[in-house]
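Numbering starts at 1 and runs along the sequence shown.
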Amino acid sequence: MKSLSINEIQNIIPHRHPFLLVDYIEDYKPGEYAVGYKCVTYREEFFRGHFPEEAVMPGVLTVEALAQVGAVAILSREEYKGKTAYFGGIENCRFRGKVVPGDKVKLETKIIRQKGPLGIGQATASVEGKVVASAKLTFMIG
């Protein structure tokens, strides 16, 4: 298994606090897949307004975290060093559970197709083995 620390992740993707939504990469293979984690704490900026009565991580941020893990997978290829992966689309997105403070979210993105600068990743987020979100993510490398 190849792992990446937060500093190594920041050497691959351009995201920074408060928008870097991946704490570490447990395993990855450049151009093929990455498995990362987001350790969600009550101190996250977005919990102040989503929702004050019941803290829930916004689903769009869970999808963004999956995209960032996918970006690590694709941008860790030598020929894409220093590039940025942009969203091109989101298909078949489903939310099956909530992400709340204290959760350790497992983020898995597998690159299932790529042609030139365009590609598709199949992404799944889970908490304690239960899928909380899944989607097919299209990206463009720029």
Side-chain angles (χ1 to χ4, degrees), residues 1-114 117-142:
M1 287 219 264
K2 294 172 68 173
S3 62
L4 297 170
S5 69
I6 193 74
N7 291 329
E8 292 167 315
I9 292 168
Q10 290 180 100
N11 287 332
I12 297 170
I13 63 175
H15 304 78
R16 298 295 182 264
H17 178 79
F19 207 67
L20 179 58
L21 300 172
V22 182
D23 293 322
Y24 66 97
I25 297 291
E26 176 183 74
D27 190 22
Y28 74 106
K29 186 168 184 182
E32 293 188 25
Y33 71 89
V35 178
Y37 288 88
K38 168 70 177 158
C39 299
V40 181
T41 71
Y42 188 74
R43 297 180 62 91
E44 308 286 348
E45 302 268 341
F46 48 80
F47 284 136
R48 289 188 350 182
H50 196 273
F51 299 99
E53 313 79 41
E54 179 188 11
V56 176
M57 183 172 176
V60 295
L61 293 182
T62 303
V63 175
E64 173 63 27
L66 287 165
Q68 289 180 18
V69 168
V72 168
I74 202 68
L75 297 176
S76 60
R77 289 178 59 176
E78 193 59 39
E79 63 266 32
Y80 297 131
K81 199 171 221 153
K83 303 269 187 185
T84 300
Y86 298 97
F87 256 130
I90 303 169
E91 294 180 42
N92 304 321
C93 186
R94 299 286 180 264
F95 299 103
R96 294 176 167 81
K98 294 187 282 187
V99 176
V100 298
D103 284 347
K104 181 178 175 180
V105 186
K106 184 176 186 179
L107 305 158
E108 302 174 87
T109 302
K110 180 179 178 184
I111 307 305
I112 58 175
R113 190 173 22 211
Q114 185 177 1
L118 301 173
I120 298 173
Q122 184 61 52
T124 304
S126 59
V127 175
E128 295 181 6
K130 180 184 179 231
V131 174
V132 293
S134 62
K136 193 180 282 190
L137 308 176
T138 302
F139 61 86
M140 299 171 291
I141 300 169

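- In terms of modelled atom types and a separation under 3.5 Å, the side chain of D103 and the main chain of V127 share no donor-acceptor contact.
- Partners of Y86 under the ring-ring contact (aromatic ring centres under 6.0 Å, His included) rule, at least two apart in sequence or in another chain, do not exist in this structure.
- Shortest non-hydrogen contact noted between F87 and A67 is CZ-CB, 3.5 Å.
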Exercise for the section: Check the pair E44, K38 against salt bridge (charged side-chain N to carboxylate O under 4.0 Å, His left out), reporting the backbone distance first and the verdict last. Expected result: CA-CA 11 Å; E44 308 286 348; K38 168 70 177 158; 3.2 Å; yes

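- Each of V40, L66, D23 was checked for a side chain to side chain contact (heavy atoms under 4.5 Å, CB included) with V105, and the lone residue meeting it is V40.
- The 12-atom threshold is exceeded at CZ of R16, counting heavy atoms of other residues, nucleotides or ligands nearer than 6.0 Å.
- Applying the salt bridge (charged side-chain N to carboxylate O under 4.0 Å, His left out) criterion to E26, with sequence neighbours excluded, gives no partner residue.
- Residue pairs meeting the side-chain hydrogen bond (donor to acceptor under 3.5 Å, both in side chains) criterion with at least one partner in residues 123-142, sequence neighbours excluded, are R96-S134.
- Here E79 contributes atom CD and I74 contributes atom CD1; the two are 8.0 Å apart, rounded to the nearest 0.5 Å.
- With values rounded to the nearest 0.5 angstrom, I25 atom CD1 is found 8.0 Å from L107 atom CG.
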Problem - side chain to side chain contact (heavy atoms under 4.5 Å, CB included) between D27 and Y33, worked out - result: CA-CA 8 Å; D27 190 22; Y33 71 89; 2.9 Å; yes

Please set out all donor-acceptor pairs under 3.5 angstrom arising from side-chain atoms of residues 49-56, sequence neighbours excluded.
| from | atom 1 | to | atom 2 | distance (Å) |
| --- | --- | --- | --- | --- |
| H50 | ND1 | V56 | O | 2.7 |
| E54 | OE2 | K98 | NZ | 2.3 |

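- A search for side chain to side chain donor-acceptor pair (under 3.5 Å) contacts involving Q114 returns R77, Y80, not counting sequence neighbours.
- Pairs engaging residues 3-32 under the ring pair (Phe, Tyr, Trp, His ring centres under 6.0 Å) rule: Y24-Y37 [sequence neighbours left out].
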